[in-house]
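Everything on this sheet refers to the single structure shown next.
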Amino acid sequence: MISWAIARAFANIALVKYWGKREGAENLPATASISLAIDALKTVCKIERLDSGQDEIFINGAMAVGATSVRISKYLDFWRAAKLIDGHFLVTSENNFPTGAGLASSASGFAALAVALAAFSERKIAVKELSRLARVGSGSSARSITGGLSALPIGKNPSAKLMLDAESVPFGMVVMTVESAPKKIPSGQGMEMSRNSSPYYNTWLKQAQADYEAMTQAIRTMDFAKIGEIAESNALVMHTCMIAGRPPLLYWSGKTIEIIKAVWKWRSEGLQVYFTVDAGPNVILIARREDLNEVSRVAESMPGIQRIILGLPAGGSEILMRE
Ligand code: DP6
């Protein structure tokens, strides 16, 4: 029996987004998604067995409170109810990037937590099952288990599949952060708002499926311009869907729009760069590996940006140490 385990997971940024859930409690996506894991966005999670009857959870050095604490405790309850683990744990999770600000911290957070918990299980848990288990914590984290370019289909109890390993992916990302405070409306709640009230929700579901199929094909032939075009359009349709809800959900700031316009200008001047935006105001640029330094340089030339983070494709989640 081990007493502690440390796991590492990388966040992923979707090129075709998961936005919307089907009925049920286990984060069953209403849209199939495809993402790239990013080496610069990392969570390291340590789990230690406790003798007490209660879990203790620390995130980025502070004790988790409120909704975050409830969400993680419930997730541990789910593992206990499934008889995968027993007892209680001290969870210490550290991100090297802003938490809850639309940079997929729940993806790497729950992936690292699931991998660390699996180390305590009596049963050997295969990658496919681990991806499903991570999904129950946060839908997007299913894709951080497999890393690289991964796809999460829709279906009964879906798990992510690796499409292309990190080393073979010829492009990376440059994250431009404009705000680092946690967002007021978490993704799960935002998805419900879109489903309940956006007149474009069904259009989004249809377009997301078409984008998923087109993206799969573009990755197969590694047509970078197509990958970029689909990613950009997919993000814009998703945000259009949420902005059109009642009440509207607008994650962008003025800077988000400035960056989007700058990307279009840079591209018209010959730089092969595309963007995507998750559920937050930060913009993520997509560029070929050989163009990443130039793209970072032009990104740095924009005033009012908080941080520029250059990210290369990263692998799946793994245990770093255990004892
Ligand atoms: C816009 O995975 O954070 O980043 O399943 O409720 O935890 P929950 O949602 P989450 O949603 C991710 C939304 C997104 C798109 C994506 O990563 O595919």
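In listed order, ligands and their atoms are each counted from 1. This one's a predicted model, so the numbers in the text were calculated from it and none came from an experiment. Just so you know, residue 1 is the first one in the sequence shown, and it goes up from there.
Here is the list of ligand 1 atoms found below 4.0 Å of a heavy atom in G188: 6 (O). Those atoms of ligand 1 with a heavy atom of S140 less than 4.0 angstrom away are 2 (O), 3 (O), 10 (P), 17 (O). With ligand atoms numbered from 1 in the order given, ligand 1 contributes 16 (C), 17 (O), 18 (O) to contacts under 4.0 Å with heavy atoms of A14. Numbered from 1 in the order shown, with element, the atoms of ligand 1 that lie under 4.0 Å from a heavy atom of N27 read 5 (O). With ligand atoms numbered from 1 in the order given, ligand 1 contributes 1 (C) to contacts under 4.0 Å with heavy atoms of A279. Of all atoms in ligand 1, numbered sequentially from 1 with element shown, those under 4.0 Å from a heavy atom of M191 are 9 (O), 11 (O), 13 (C).
Listed by chain and residue number, nothing satisfies the side-chain contact (heavy atoms from CB on, under 4.5 Å) test with S3 (two or more places apart in sequence, or in another chain). Among residues two or more places apart in sequence or in another chain, the side-chain contact (heavy atoms from CB on, under 4.5 Å) test is passed with E300 by I308.
Relative orientation of the W252 and H239 rings is tilted, given thresholds of 30° and 60° on the angle between their planes.
Contact annotation: for E192 versus ligand 1, there are no heavy atoms closer than 4.0 Å.
Looking only at distances, a side-chain donor or acceptor of T256 sits under 3.5 Å from a matching main-chain atom of P281. S150 contributes a side-chain N or O that, together with a main-chain N or O of G147, makes up a donor-acceptor pair within less than 3.5 Å.
Nearest-heavy-atom check against atom 3 (O) of ligand 1 across S106, G20, P186 picks out S106.
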